Amino acid sequence: MTRRILVVDDSILVREVARAVLGASGWTIDVAAGGEEATGLAAAQAPDAILLDVELDGIDGPETLRRLRADERTRDIPVAFLTARDGDEDRRELEALGAVGVIAKPVSPVTFASHVAATFGWAV
Amino acid sequence: MSTPADGEADPALAAIRAIWADRRDEVIARVDVIEEAITNALMGDLGDDLRSRAAHEAHRLAGSAGTFGFETASAYAREIELGLKAVVMPATDELQRLAELVVGLRHDLESDQESGPLAKASPTPLVPNGHVDILGVAIDPRRGRRLATETAARGLVAVFAVDAEDAHQALSSTPRAGGDGGEVAGHARACRGESTHHRPRRTRSGGQSRGRAPGRTRIARLPEHDRRDR
């Protein structure tokens, strides 16, 4: 099954790597550089999942998630955070916001796709 | 799942290498901002704006460098980010530690040419060089900043000058023994007619960084018009 993932990160490098690596797994990858763009794309394209950086220029990841949850078009899209803040307490805080999981940055190209699949409960 | 060793046969890893080749210079250029911030901090002259920008660049480098397989650079960038985001400006010995990390960060990123970023293995350790004086004359401002950071990281004495006359003046005015970074910075500023009201913090009592005597680092900085030439 072809999945559609929206990757939200202010680093073009991370966006490009995500597109290359996750795209090679057969998934369709959309990218956004910030929270405003992400909420618009999510509403328009209804991705199967969103990978959301925590520290973003403009509105940050947690605020972006709050806006996604407040919009009936996007409230049910599973969201996982991408963050270097991956300690137990950080994870609990982020998951308490409604994220399904946290993927630690830096992501490894070798294991990125399997982490994404595991986080969203998809078969690889 | 593939491994770095068989990356050439993996289209995703081939794509990663292509992205790195395309973005390498851009990534490494981010280190410049961090270098400038640490150098200024060692001179007691780091403003909030540059500090914030450098912390942001360190944050981004921590993520992007790791994504390309530069695990050491990523870890260094992360530590630098935390240091720059500290509520209280790090003390001199802590800044020297950050300067070491900047050197290591750049070194790790620039040592990718032989085997490619995803094939990198162990980090290359920094080797302390001991007591060496460095004189840079007619030096490119960017190289000067880099050298300033490297010399600070290694506890060396460095004087940078834009021409021979400036070098002579700096050498004749810069003490060669004793005194901490602040005192030498004051000399350097005095040589160039700059303000001396910004001074680096004194090294904390008993706080040494990797076995070096605190306060040995001395940097004569580049003139302002060159330091802005980026």
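FYI, side chains are in, hydrogens and waters are out, and symmetry mates aren't considered; it's all heavy atoms of this structure. All figures in this text were calculated on a predicted structure; none of them were measured in a lab.
In this structure, A:Leu13 and B:Thr67 have side chains that are not in contact, with every pair of non-hydrogen atoms separated by 4.5 Å or more.
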B:Glu26/A:Ile12 under side-chain contact (heavy atoms from CB on, under 4.5 Å): CA gap, chis, key distance, verdict
CA-CA 11 Å; B:Glu26 174 188 325; A:Ile12 190 173; 3.9 Å; yes
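Electrostatic pairing of A:Glu16 and B:Arg17 does not count as a salt bridge here, judged by no charged N lying under 4.0 Å from a carboxylate O.
For a residue to count as touching a neighbouring chain, one of its non-hydrogen atoms must lie under 4.5 Å from one of that chain's; by this rule B:Glu71 does not touch chain A. If you measure heavy-atom distances from A:Ala24 to chain B, the contacts under 4.5 Å come from the side chain alone. For A:Val21, the parts lying near chain B are the backbone and the side chain together; criterion is any non-hydrogen pair under 4.5 Å.
Between B:His59 atom NE2 and A:Ser11 atom OG the span is 9.0 Å, to the nearest 0.5 Å. Residue A:Asp10 holds its CG atom at 5.5 Å from NE2 of B:His56, rounded to the nearest 0.5 Å.
Considering every non-hydrogen atom in both B:Ile16 and A:Val17, the closest pair reads CD1-CG1, 3.3 Å. Taking every heavy atom of both residues into account, A:Ala20 and B:Ala15 meet most closely at CB-CB, 3.6 Å.
The candidate from A:Arg19, A:Glu55, A:Lys105 with the greatest count of non-hydrogen atom pairs under 4.5 Å with chain B is A:Glu55.
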